[in-house]
Amino acid sequence: MNRFTRFVLISLFSSAVMATASAQYQLPNPGFEGEWNPVSQNGKSGYEPTGWHSFLSMKTGGTFYNSAIALKLEPSNDVRPGSTGTQSAKIWANAVKVLFFSVVANGNLTTGQIYGGSTSATDASGNYNFSDPTNTGYNQTFTGKPDSIVQWVKYVPINSGNKARVSAIIHENSRYQDPEATTYTNVVAKAQMNYPATSDKGWQRLSVPFTYESGEKVPAYILISYSTSETPGGGDENDAVYIDDIEMIYNSRLKTIAFNGSDFKLTDGDYDYDLSSGGTYYPETVAATVDGISAGYKIEKTSGNVMTVTVTGGDISANPANKHVYTFTFAQREYKVSVASDNSTMGSAYIGEAGTTSTTVKEGSPVTVTAVANAHYEFAEWVDGSDACVSTQAVYTIPSVTGNMTLTAKFRPVMHTVSATCDTEAGSVSVGDGGSASQQVQDGNSITVTAVAKEGYIFEEWRNSDGEKVSGNASYTVDNVTSDLSFTAIFAELVESDLSFELDGTQRADLEEGSFSNTASATDSEGEITYSITASSSDGIATVDAATGTVTLLGAGTVTVTATQEAWGRYLETVAEYELEIVSAPSGVEESSAAADVNVYGVSGGIMITGVTCNTSVKVYSLSSIMVENTEIAADTRITVPCKGIYLVDVTAGSGRKVFRVAVK
């Protein structure tokens with residue numbers, strides 16, 4: 001296979017299929033190595049290569065012109081020098097009889113279709129090759145803008161003075177014919193050449209440049225025609241042309257270049273230029289031209305003193321290798337780079353090594369600047385002389401120094417957010433002095449969080465974000481803040497304590513005992529407890545020790561003893577009380593005539609009182625002076641006692657009184 005092997009697979013598709021391609025920069029079957037398709041007309045048959053046509057597929061103006069249909073195309077194994085392919089296309093001229101005379105019909109190979117409709121070979125309106133977008137199978141799509149068309153041809157004329165012809169016309173999306181019978185405005189470019197045979201009638205490489213028409217025209221199709229003669233009907237019968245390896249050339253080289261308005265001389269084949277020794281610095285302006293009609297170029301500054309110019313051919317999208325890179329090395333300038341800190345208390349800056357604040361570097365060289373923040377501060381940004389930010393990285397490498405420059409490292413305090421929360425129904429919280437529940441604090445500083453309980457509640461403790469207790473003080477100062485912190489104030493609702501006396505309910509005490517002890521206490525509250533009674537000592541009944549609760553008995557009667565516990569913690573002031581009855585037990589048996597008729601005696605489980613004629617007061621005591629009954633009776637009555645034993649029964653009737661000693665069994 002030859003250099004056009006990449007097109008062989010494409011050539012297997014018909015021209016109609018190729019019309020759908022989005023971009024076409026080369027012919028699909030340029031070396032005629034693809035399939036040759038059978039074709040026949042007017043009793044003649046032969047083969048035509050895919051994408052190409054000759055007389056067997058021509059279109060005629062009527063049967064009168066069918067004599068022009070002939071086999072004048074065939075594959076040949078005569079290939080151009082150096083080819084790895086196996087065949088070329090051969091066309092030849094023959095004689096056609098018209099009426100009473102014969103004329104030479106040139107050999108013809110085209111990407112379009114041949115039309116024959118005139119007996120005059122030079123009649124452009126009747127004999128031509130044409131390309132029509134609607135002529136399915138007989139047109140060749142093409143979207144490139146090549147600089148030239150190159151082909152290998154072998155011209156074998158009968159007369160050495162004869163010339164053959166090649167014509168390539170790129171046109172827009174409308175019909176075109178060659179030769180033209182009228183003026184066509186859809187032509188994009190033309191490449192045409194009449195050429196003689198070599199001295200040995202051998203192979204020759206023809207490069208034919210395209211000449212582009214003026215105006216912005218869009219390529220859509222190409223009509224290529226190879227003929228055995230430069231003129232229709234010219235040449236001799238059996239003149240032959242072999243055609244092989246057709247290629248569109250897209251130039252991609254630098255033609256001229258100027259630096260700062262001065263032209264620089266380029267050398268053919270040289271792509272690297274060193275201008276450093278002459279003291280030429282990197283230019284501010286560059287102007288260039290290229291040798292390709294559709295070529296483009298890109299200028300890049302690869303370092304402080306190196307420029308590359310990359311020229312790409314118009315077919316670069318299909319042929320990435322079609323480019324040439326030129327390198328220009330200029331003398332290097334030197335620039336001063338300096339750094340500074342905007343606040344030495346917060347941090348410092350240096351270049352390269354610590355302590356270095358300025359250096360001289362070559363243009364295009366990199367340089368690294370470093371900012372170091374002091375404790376409790378952080379680096380913010382590097383700014384240039386116009387206070388514009390160039391980096392937020394403390395260690396920043398300037399990739400390419402292009403001028404004198406000073407960078408300033410800006411620092412700022414490290415700040416943390418301290419916030420506080422609580423149940424707002426129970427109280428309120430604040431951070432610092434502003435009264436808000438959140439505040440920014442500089443790293444290392446301290447701040448106070450304050451909790452204020454609402455009426456009916458009390459502050460208990462501060463907890464951190466992990467739920468741990470950190471303080472029991474409503475005003476809590478956090479020292480050395482080094483991170484964001486969050487605290488929660490815990491409040492408790494105020495309640496009474498469970499204050500109660502050791503002996504609950506009404507108590508009795510014998511006056512003869514002199515004192516009575518009954519203390520009060522609470523489970524959780526530690527508030528101080530004091531005691532008082534409702535009757536004062538001037539009443540002659542009792543007094544109480546305010547600290548111990550011990551009651552001193554002064555006389556018979558009933559008093560209320562009150563214990564008061566002061567407010568403490570979550571507990572309100574709490575009061576508890578009990579009633580103390582002070583009695584005086586009889587010391588012996590006394591008799592009175594008023595109660596002379598009353599009889600008292602013991603019965604099983606109780607005491608029987610008879611002879612009662614009026615309202616009578618009865619008090620029953622045990623021998624230990626414990627009153628077990630105190631009642632009023634107006635008739636004979638049985639009194640139940642708790643246990644067996646000796647009881648003293650004090651009976652008072654009117655103004656008379658009598659004490660009985662009774663045994664209960």
- Task: Look at the side chain of S341 and the backbone N and O of G347, then say whether any donor-acceptor pair between them is shorter than 3.5 Å.
- Result: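 Checking the backbone N and O of G347 against the side chain of S341, a donor-acceptor pair under 3.5 Å is found.
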Do [X] and [Y] pair up side chain to side chain, a donor and an acceptor below 3.5 Å, judged on atom types alone?
X	Y	answer
N322	S252	yes
T408	D342	no
T448	T477	yes
S475	N473	no

- Query: Partners of L503 by side-chain contact (heavy atoms from CB on, under 4.5 Å), sequence neighbours excluded?
  - Reply: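 Listed in chain order: Q507, F516, N518.
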- Task: List in chain and number order the residues that pass side-chain contact (heavy atoms from CB on, under 4.5 Å) with D466, two or more places apart in sequence or in another chain; answer none if no residue qualifies.
- Result: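 D466 satisfies side-chain contact (heavy atoms from CB on, under 4.5 Å) with N464, E468 once adjacent residues are dropped.
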- Message: The test is ring-ring contact (aromatic ring centres under 6.0 Å, His included); show your working for F501 and Y578 and say whether it passes.
- Response: CA-CA 8 Å; F501 281 96; Y578 72 94; 4.8 Å; yes
- Task: Look at R412 together with E378 and state whether they make a salt bridge at an N to O cut-off of under 4.0 Å.
- Result: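 Salt bridge flag = yes for E378 with R412.
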- Message: Name the residue from V325, T289, V309 that meets the side-chain contact (heavy atoms from CB on, under 4.5 Å) definition with L254.
- Response: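 Of all the options given, the one that passes is V309.
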Only distances under 3.5 Å count here; give the side-chain donor-acceptor pairs of residues 352-365 to other protein atoms, sequence neighbours excluded, each with its distance to 0.1 Å.
| from | atom 1 | to | atom 2 | distance (Å) |
| --- | --- | --- | --- | --- |
| S365 | OG | K362 | O | 3.1 |

- Step by step, work out the side chain to side chain contact (heavy atoms under 4.5 Å, CB included) result for T552 and L554. CA-CA 6 Å; T552 299; L554 301 176; 4.1 Å; yes
According to salt bridge (charged side-chain N to carboxylate O under 4.0 Å, His left out), who are the partners of [X], at least two apart in sequence or on a separate chain?
X	value
D387	K410
K454	none
E284	none
E581	R508

Other residues, nucleotides, ligands: >12 heavy atoms within 6.0 Å of [X] [atom1]:
X	atom1	answer
D504	CG	no
K217	NZ	yes
Q440	CD	yes

- Task: Only counting residues at least two apart or in another chain, list the ones meeting side-chain hydrogen bond (donor to acceptor under 3.5 Å, both in side chains) with R253.
- Result: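 Result, side-chain hydrogen bond (donor to acceptor under 3.5 Å, both in side chains) vs R253: Y271, H324.
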- Counterpart residues, side-chain hydrogen bond (donor to acceptor under 3.5 Å, both in side chains), relative to S174 (two or more places apart):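 Only N186 meet the side-chain hydrogen bond (donor to acceptor under 3.5 Å, both in side chains) criterion with S174.
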- Item | Residues forming a ring pair (Phe, Tyr, Trp, His ring centres under 6.0 Å) with Y571, sequence neighbours excluded |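 Scan of Y571 (ring pair (Phe, Tyr, Trp, His ring centres under 6.0 Å), adjacent residues dropped) gives none.
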- With Y531, which residues qualify under ring pair (Phe, Tyr, Trp, His ring centres under 6.0 Å), at least two apart?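 Partners of Y531 under the ring pair (Phe, Tyr, Trp, His ring centres under 6.0 Å) test: none.
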Residues 482-489, side-chain donor-acceptor partners within the protein, below 3.5 Å, at least two apart:
| from | atom 1 | to | atom 2 | distance (Å) |
| --- | --- | --- | --- | --- |
| D484 | OD1 | T417 | N | 2.8 |
| T488 | OG1 | T421 | OG1 | 3.2 |

